[in-house]
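One-based numbering, in listed order, for ligands and for the atoms of each. It should be emphasised that the depicted structure is a prediction, and the values quoted were computed from it without experimental measurement.
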Amino acid sequence: MITSSELKKKYLNYFEKRGHAVIPSASLIPQNDPTVLFTTAGMQPLVPYLIGEKHPAGNRLTDVQKCVRTGDIDDVGDDWHLTFFEMLGNWSLGDYFKKEAIEMSFEFLTKELNIPMKQLAVSCFVGDDNAPKDDESAKIWQSLGVAAERIAFLGQADNWWGPAGQTGPCGPDTEIFYWSGQTEPPKKFDPQDKHWVEIWNNVFMQYNKTENGRYEELNQKNVDTGMGLERTTAILNGDDNVFTTDNFIPIVSGINNLAGNGKNEKKSIRIIADHIRAATFILAEGIEPSNLDRGYVLRRLIRRAIRHGKIIKINSPFVFKIAEIIIQRMATEYPELESNKNFIIEQLVKEEEKFEKTLEDGLKEFENIIKINGKGKNPKTEITGHQAFILFSTYGFPLEIIKELAAEKGLKIDETEFNKEFKNHQELSRTATAGRFKGGLADQTEETKKLHTAAHLLLAALRKILGDHVYQKGSNITAERLRFDFSHVEKLTTEQKEKIEAMVNEQITKNITVKCEEMTLDEAKKRGAMGIFGDKYGQTVKVYSINNFSCEICGGPHAENTGQLGKFKLIKEESSSSGVRRIKATLS
Ligand code: ATP
Ligand code: MG
């Protein structure tokens, strides 16, 4: 039996011995990237260094990073996916490349962890119009004794990373899989066979995607790797899922102790264990449940856990009890759990009380809907968007709970209609708010819209002039001026400031229509839109583009045409905080 903290120690020691500096886990809230709600991988906090900034600890790094992937929420309940997990990683910033990286991965798995080679398989990039097949990696694996039939070549979706925006570093990756089946591992690696579990990914940042879409070899080539702590702990112990690993044992047994006659609802138990763990860690960052962004992710996790608590017949309130177990178990490695314990427990109790008030009635309403829909000559096979919206707005059911309830009855939801109702509702509450502040706010709107559009032009200009490391870190708009914070270390030179101003004004004089389109997050990402990624909820997003100059995911509203903006002027440039500059600008 190896525990997860023993595995962490082994990993960090192994890489420390090989010249890597051990760095601490960064926050779950991204500090240099407003395009994602949560840190989803070890590489994320390291992006500035992967694109060229010098890391104070050197060019070989290793760490354990706490991660949240809300995009995986629907997979939770299977054997291997969690919304909160820990990722082990090692990085080379322009130091070693494929050969050393693969050799170290291989040695760590087969020598340090003693995994028999016959249990392992790998995948490499197959090649496409942009970049050639990654034979180099495959040859290195073979030189270490991995059989050719255990190497699969896959396309961009599986074995390619980046760039993070429209341009920048990107490259092939090679993923390592473990045979988790009870039978002898098959000779040939079939990536479709679910018994092959991905445990580790090595990304090779080899190319730079340029503005004209070309892929050029990078001067500074980086390695970025990520190994799932829970998955690897599980396979080392011969477990066939992550919920039997040491950190989950007390959580799962705590849930079982509270459960009534629902103990064999394995999926519900797993969802409760994962979601409360994720919620506990998010709360430890000071986030509160709300209806917006991170707060709403948190609310959904807690409410879904409560709903599954009902399925396994737990008496409420229970969420804080499970959180206490998690805090006790994990606070040695994550002291923020202990120092924020009161806040975490308080918030969980409050949220559970709130949802308890409407949950029972909402479930009754749901049964009612089913009854009504089933009546008559043509019973409905769908829950209408309006019905779903009532459950959402009156009873506080997040959409995934409604979908799940419907699926349990073999029914679907009319999501298009739901989204329409949702939008109408938003419009209504916006108008109501605007009405309340009549005069002041109404007069301001045109001005703030224009400044908002200017902010998009400014971000695009900053990235073009200063580089792709520039991300928006915050903005604040009043009727008079725009304040804009962005990631950049040095003070801007007079020449840079003039160029930025000129570039924004050039776009204004071109009289460009500001285009707004709705699309899925994936499509937005493919277009290279700046904005919030990493969360597949709220599936369609608005993308505002200004010719090829600027493209951002954004709620709007914006000016219709850049010509309306007038003259853009930078009035101040100063430091905001470490690594962040602030610009104030006006339109006249
Ligand atoms: P999968 O295809 O299995 O979802 P992935 O391709 O999304 O994995 P990466 O983004 O390469 O995974 O992440 C690196 C490692 O982190 C994976 O090899 C895996 O061990 C771990 N990992 C990824 N997602 C999860 C998750 N949802 N829960 C637990 N571990 C995960
Ligand atoms: Mg995944």
Side-chain angles (χ1 to χ4, degrees), residues 4 7-8 11 25 28 36 38-47 62-91 101-102 105 108-109 113 115 119-125 137 152 154-162 164 170-180 189 191-205 223-236 239-245 247-248 251 270-271 273-275 277-278 281 297 301 522 525 533-536:
S4 40
L7 175 56
K8 279 185 201 176
Y11 188 95
S25 174
L28 270 180
V36 283
F38 293 103
T39 301
T40 59
M43 61 84 67
Q44 220 169 290
L46 294 171
V47 166
T62 183
D63 74 8
V64 186
Q65 175 64 48
K66 45 184 179 173
C67 301
V68 164
R69 290 194 178 179
T70 48
D72 285 351
I73 195 167
D74 291 330
D75 293 324
V76 176
D78 75 3
D79 295 327
W80 305 110
H81 285 91
L82 299 162
T83 54
F84 172 89
F85 66 99
E86 295 173 85
M87 194 186 280
L88 299 156
N90 58 282
W91 289 271
I102 293 176
S105 291
F108 182 70
L109 292 171
L113 302 180
I115 297 176
Q119 298 291 122
L120 298 171
V122 302
S123 63
C124 297
F125 181 56
S137 293
L154 304 173
Q156 189 175 19
D158 293 287
N159 285 79
W160 184 267
W161 180 86
C170 53
D173 61 40
T174 178
E175 299 190 329
I176 306 167
F177 295 79
Y178 178 89
W179 177 256
S180 68
F189 170 40
Q192 297 303 322
D193 186 332
K194 291 286 168 240
H195 294 299
W196 288 107
V197 193
E198 184 197 322
I199 53 168
W200 200 354
N201 190 359
N202 282 14
V203 179
F204 302 121
M205 295 182 189
V223 177
D224 149 42
T225 92
M227 174 196 262
L229 176 76
E230 296 80 355
R231 289 189 190 180
T232 310
T233 306
I235 60 114
L236 288 173
D239 291 337
D240 58 5
N241 76 87
V242 288
F243 295 95
T244 43
T245 53
N247 278 341
F248 273 106
I251 307 178
R270 289 177 171 188
I271 288 173
D274 168 76
H275 285 16
R277 195 168 82 130
F281 273 87
V297 171
L301 288 165
D522 274 352
K525 206 170 170 179
F533 299 129
D535 190 319
K536 75 180 174 197

Do any nitrogen or oxygen atoms of [X] come within less than 3.5 Å of a nitrogen or oxygen of ligand 1?
{"X": "Asp72", "value": "yes"}
{"X": "Phe85", "value": "no"}
{"X": "Met227", "value": "no"}

**Asked** Quick check: does any side chain N or O of Glu175 sit under 3.5 Å from a backbone N or O of Asn201, one acting as donor and the other as acceptor?
**Response** no
Are any of the side-chain heavy atoms of Asp224 and Leu46 separated by less than 4.5 Å? no
The single option from Thr232, Thr245, Val64 that satisfies side chain to side chain contact (heavy atoms under 4.5 Å, CB included) with Leu7 is Thr232
Of all heavy-atom pairs linking Phe281 and Lys66, the shortest is CD2-CD, 4.1 Å
Against heavy atoms of [X], which atoms of ligand 1 measure under 4.0 Å?
{"X": "Asn201", "value": "11 (O)"}
{"X": "Trp80", "value": "28 (N), 29 (C)"}
{"X": "Ile199", "value": "18 (O), 20 (O)"}
{"X": "Met87", "value": "13 (O), 14 (C), 16 (O)"}

**Request:** Tell me yes or no: between the side chains of Thr174 and Asn202, is some donor less than 3.5 Å from an acceptor?
**Result:** no
**Study point:** Test log, rule salt bridge (charged side-chain N to carboxylate O under 4.0 Å, His left out), inputs Asp79 and Arg270
**Key:** CA-CA 9 Å; Asp79 295 327; Arg270 289 177 171 188; 3.0 Å; yes
Contact region, His81 to ligand 1, non-hydrogen atoms below 4.0 Å, reads both
The answer for which part of Arg231 has a heavy atom under 4.0 Å from ligand 1 is side chain
query: Would you call the rings of Phe177 and Phe189 parallel, tilted or perpendicular, where under 30° means parallel and over 60° means perpendicular?
result: tilted
